[in-house]
Amino acid sequence: MKKEAVIFLAEGFEEVEALAVVDVLRRAGAVVRMVSVSGKKYVTGSHQICVQADEVFGEKTYEEADVVILPGGMPGTLHLKAHEGVRSVVKRAAKEKVVAAICAAPTVLADMGLLEGKEATCYPGMEKDMCKAVCREEKVVQSGNIITGRGLGTAIDFALKLTEVLFGREQEEKVRETIVYSAQE
């Protein structure tokens with residue numbers, strides 16, 4: 001069975017956090033849709049790398065996605081937080097799908113009340129914006145159907161956790177081997 005992921009890209013997103021996740025999930029066999037929330041297909045990241053999204057927000061629906069992903073980066077996170085369409089999709093997905101956010105983006109989930117009483121991680125220094133989340137310093141934290149990652153340096157770990165959740169441990173191990181990745185190094 002095909003698994004589908006949607007990742008929202010806003011002007012100023014963290015490029016590695018987004019593209020590492022897209023790459024790893026596609027290697028695992030997921031259909032990953034990169035969706036621009038900036039009104040145009042080309043989105044410039046926080047380090048001036050321009051990426052062509054697969055679609056612009058609103059061109060398709062998102063209910064069929066198994067996971068909704070928010071990359072961090074500034075000011076990308078602020079744009080995601082202010083985008084009512086993204087907030088609506090995330091809120092619906094949080095009821096029965098997987099929602100994932102990395103770096104500063106977990107603050108979007110916190111702002112929506114989705115992390116209240118849940119364990120989560122975020123970029124160091126952003127804890128003050130995590131509202132009532134139980135903040136951890138781990139690379140990746142899963143609390144129910146919500147997965148959070150600490151930052152760019154943990155993007156592969158974050159992507160592999162999503163792979164495990166969507167496809168199981170065996171597929172995660174295959175992808176880990178394919179990309180020659182060992183968390184112990």
Side-chain angles (χ1 to χ4, degrees), residues 3-10 12-25 28 30 32 34-35 37 45-46 62 65-169 172 176 181 183:
K3 297 291 184 174
E4 185 171 324
V6 170
I7 185 164
F8 292 117
L9 305 180
F13 72 98
E14 171 47 61
E15 298 94 340
V16 173
E17 292 168 1
L19 298 178
V21 171
V22 171
D23 182 283
V24 168
L25 288 177
V32 183
M34 296 187 299
V35 179
V37 302
S46 59
Y62 309 103
D66 298 289
V67 60
V68 174
I69 305 161
L70 305 179
M74 285 295 180
T77 296
L78 300 176
H79 294 310
L80 292 173
K81 192 179 287 188
H83 195 284
E84 287 304 319
V86 168
R87 292 174 70 89
S88 176
V89 170
V90 168
K91 193 172 202 171
R92 279 194 312 273
K95 292 178 182 175
E96 57 191 42
K97 308 286 179 121
V98 176
V99 174
I102 185 168
C103 193
T107 64
V108 176
L109 306 181
D111 184 67
M112 296 173 63
L114 298 176
L115 296 180
E116 190 169 329
K118 294 188 178 204
E119 292 186 347
T121 192
C122 64
Y123 187 76
M126 301 297 297
E127 294 87 357
K128 66 188 178 317
D129 298 319
M130 292 291 282
C131 302
K132 296 179 181 176
V134 179
C135 291
R136 301 287 183 226
E137 292 184 6
E138 284 86 12
K139 291 179 180 182
V140 179
V141 174
Q142 180 176 2
S143 187
N145 64 326
I146 295 181
I147 299 170
T148 52
R150 195 131 166 94
L152 183 147
T154 67
I156 299 293
D157 297 284
F158 180 71
L160 288 169
K161 173 51 89 174
L162 290 172
T163 299
E164 179 185 347
V165 168
L166 291 175
F167 295 99
R169 183 76 178 144
E172 184 270 344
R176 179 184 293 273
Y181 183 78

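Everything numeric here is computed off the predicted structure, so don't read it as measured data. Starting from 1, each residue takes its place in the sequence as its number.
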If you take all heavy atoms of [X] and [Y], which pair is closest and at what distance?
X: Leu25; Y: Ala159; result: CD2-O, 4.2 Å
X: Ala133; Y: Ala120; result: CB-CB, 4.4 Å
X: Val37; Y: Ala10; result: CG2-CB, 3.5 Å
X: Val6; Y: Ala65; result: CG2-CB, 3.6 Å
X: Ile7; Y: Pro71; result: CG1-CD, 3.8 Å
X: Val67; Y: Ala100; result: CG2-CB, 4.4 Å

Hey, are the side chains of [X] and [Y] touching, using non-hydrogen atoms and a 4.5 Å cut-off?
X: Val32; Y: Ile69; result: no
X: Pro106; Y: Met126; result: no
X: Lys118; Y: Asn145; result: yes
X: Leu19; Y: Asp23; result: no
X: Lys97; Y: Val68; result: no
X: Cys103; Y: Thr77; result: no

How long is the gap from [atom1] on [X] to [atom2] on [Y], to the nearest 0.5 Å?
X: Thr163; Y: Glu172; atom1: OG1; atom2: CD; result: 7.0 Å
X: Leu9; Y: Met34; atom1: CG; atom2: CE; result: 6.5 Å
X: Ser143; Y: Leu109; atom1: OG; atom2: CG; result: 11.5 Å
X: Thr148; Y: Phe158; atom1: OG1; atom2: CZ; result: 7.5 Å
X: Leu166; Y: Glu4; atom1: CG; atom2: CD; result: 11.0 Å
X: Leu162; Y: Phe167; atom1: CG; atom2: CZ; result: 10.5 Å

Residues passing the salt bridge (charged side-chain N to carboxylate O under 4.0 Å, His left out) test with Lys161, sequence neighbours excluded, are Glu164
Can you check whether [Y]'s main-chain N or O pairs, donor with acceptor, with [X]'s side chain at less than 3.5 Å?
X: Lys3; Y: Asp66; result: no
X: Glu17; Y: Glu15; result: no
X: Arg150; Y: Cys122; result: yes
X: Thr121; Y: Arg136; result: yes
X: Glu127; Y: Asp129; result: no

For the NZ atom on Lys95, are there more than 12 heavy atoms of other groups (residues, nucleotides or ligands in this structure) within a distance under 6.0 Å?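 Atom NZ in Lys95 is not crowded, with 12 or fewer foreign heavy atoms closer than 6.0 Å.
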Side-chain polar contacts of residues 85-92 - donor-acceptor pairs under 3.5 angstrom, sequence neighbours left out - could you list them?
unit_1: Arg87; atom_1: NH1; unit_2: Lys81; atom_2: O; d: 3.2
unit_1: Arg87; atom_1: NH1; unit_2: Asp111; atom_2: OD2; d: 2.8
unit_1: Arg87; atom_1: NH2; unit_2: Asp111; atom_2: OD2; d: 3.2
unit_1: Ser88; atom_1: OG; unit_2: Arg92; atom_2: NH1; d: 2.8
unit_1: Arg92; atom_1: NH2; unit_2: Glu63; atom_2: OE2; d: 3.0

With sequence neighbours left out, what residues match His79 under ring-ring contact (aromatic ring centres under 6.0 Å, His included)?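 Checked His79 against ring-ring contact (aromatic ring centres under 6.0 Å, His included); zero matches.
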